[in-house]
Engineer: 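Okay, handing you the structure first.
By convention in this document, chain letters (A, B, ...) are assigned in the order of the sequence lines, proteins followed by strands, and residues within each chain are numbered from 1.
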Amino acid sequence: AQSVTQLGSHVSVSEGALVLLRCNYSSSVPPYLFWYVQYPNQGLQLLLKYTSAATLVKGINGFEAEFKKSETSFHLTKPSAHMSDAAEYFCAVRHGSSNTGKLIFGQGTTLQVKP
Amino acid sequence: NAGVTQTPKFRVLKTGQSMTLLCAQDMNHEYMYWYRQDPGMGLRLIHYSVGEGTTAKGEVPDGYNVSRLKKQNFLLGLESAAPSQTSVYFCASSYSRGRGQETQYFGPGTRLLVL
């Protein structure tokens with residue numbers, strides 16, 4: 001069965017500092033992995049996704065994530081935080097069933113960016 | 001192209017009352033999903049549908065019913081609301097091709113308060 005663990009429910013960085021949000025997964029089949037962002041009072045928006053084409057995935061707004069099979073990780077990074085990056089971030093793994101598209105979400109990490 | 005829309009945006013119910021949440025998408029997606037979001041728990045799947053006229057249970061289906069009479073609409077019903085159903089509800093949709101790597105597109109959410 002698939003599962004996702006996000007380490008750290010809250011992460012605080014200074015503007016201009018490196019952003020690192022951690023995600024570890026477990027999956028009995030080759031996974032598809034996703035990062036979504038949720039701005040206050042809005043729905044979720046896709047940042048990036050891993051679909052086995054390349055282990056380093058680039059997304060929107062300068063974010064990227066690296067799939068590391070040996071570590072079962074898919075951490076999200078951004079070299080320099082901006083105030084507008086303050087939001088909640090969710091890592092998700094596709095459910096094992098291949099004909100439903102269901103996702104399993106982590107608990108979420110709230111990113112605070114200090115001036 | 002409105003994407004995924006949800007009606008209503010906010011609702012207050014008394015315990016025991018019923019209501020229906022409407023989700024509509026104009027992207028001709030086959031798959032649709034209802035999630036609930038609670039603090040510290042990420043998003044949990046309530047029910048989903050892989051096509052018009054078909055529905056299935058997700059992770060937390062108790063107390064909810066759904067219907068998908070038209071491809072573009074997915075309704076979530078609460079027959080007898082309970083305070084435990086106070087939450088933010090999100091609808092999402094996706095294509096069916098790609099064996100699970102397809103992006104889910106989310107609506108803006110419905111905030112429900114059950115007193």
Engineer: Side chain, backbone, both or neither: which part of A:Gln6 has a non-hydrogen atom closer than 4.5 Å to chain B?
Structural biologist: neither
Engineer: Describe, in one word, how the ring planes of B:Tyr95 and B:His29 are oriented to each other, choosing from parallel (under 30°), tilted (30 to 60°) and perpendicular (over 60°).
Structural biologist: perpendicular
Engineer: Tell me whether the rings of B:Tyr48 and B:Tyr33 are parallel (<30°), tilted (30 to 60°) or perpendicular (>60°).
Structural biologist: parallel
Engineer: In plain terms, say whether A:Glu64 and A:Lys58 are close enough for a salt bridge, that is, a side-chain N and a carboxylate O under 4.0 Å apart.
Structural biologist: yes
Engineer: Assess whether a salt bridge exists between B:Lys57 and B:Asp62, defined as any Lys/Arg side-chain N lying under 4.0 Å from an Asp/Glu carboxylate O.
Structural biologist: no
Engineer: Which of parallel (below 30°), tilted (30 to 60°) and perpendicular (above 60°) describes A:Tyr50 and A:Phe74?
Structural biologist: tilted
Engineer: Give the minimum heavy-atom separation between A:Asn41 and B:Arg111, together with the two atoms involved.
Structural biologist: OD1-NH2, 2.8 Å
Engineer: Checking heavy atoms, do the side chain of A:Gln45, its backbone, both or neither come under 4.5 Å from chain B?
Structural biologist: neither
Engineer: Pick whichever of B:Gly40, B:Gly109, B:Ser94 has the most heavy-atom pairs under 4.5 Å with chain A.
Structural biologist: B:Gly40
Engineer: Non-hydrogen atoms of chain A under 4.5 Å away: do they reach the side chain of B:Leu43, the backbone, both or neither?
Structural biologist: both
Engineer: Quick check on B:Arg44 against chain A: is it the side chain, the backbone, both or neither that has a heavy atom closer than 4.5 Å?
Structural biologist: neither
Engineer: Contact part of B:Glu59 toward chain A, heavy-atom cut-off under 4.5 Å: side chain, backbone, both or neither?
Structural biologist: neither
Engineer: Pick one of side chain, backbone, both or neither for A:Leu46, based on which atoms fall under 4.5 Å of a heavy atom in chain B.
Structural biologist: side chain
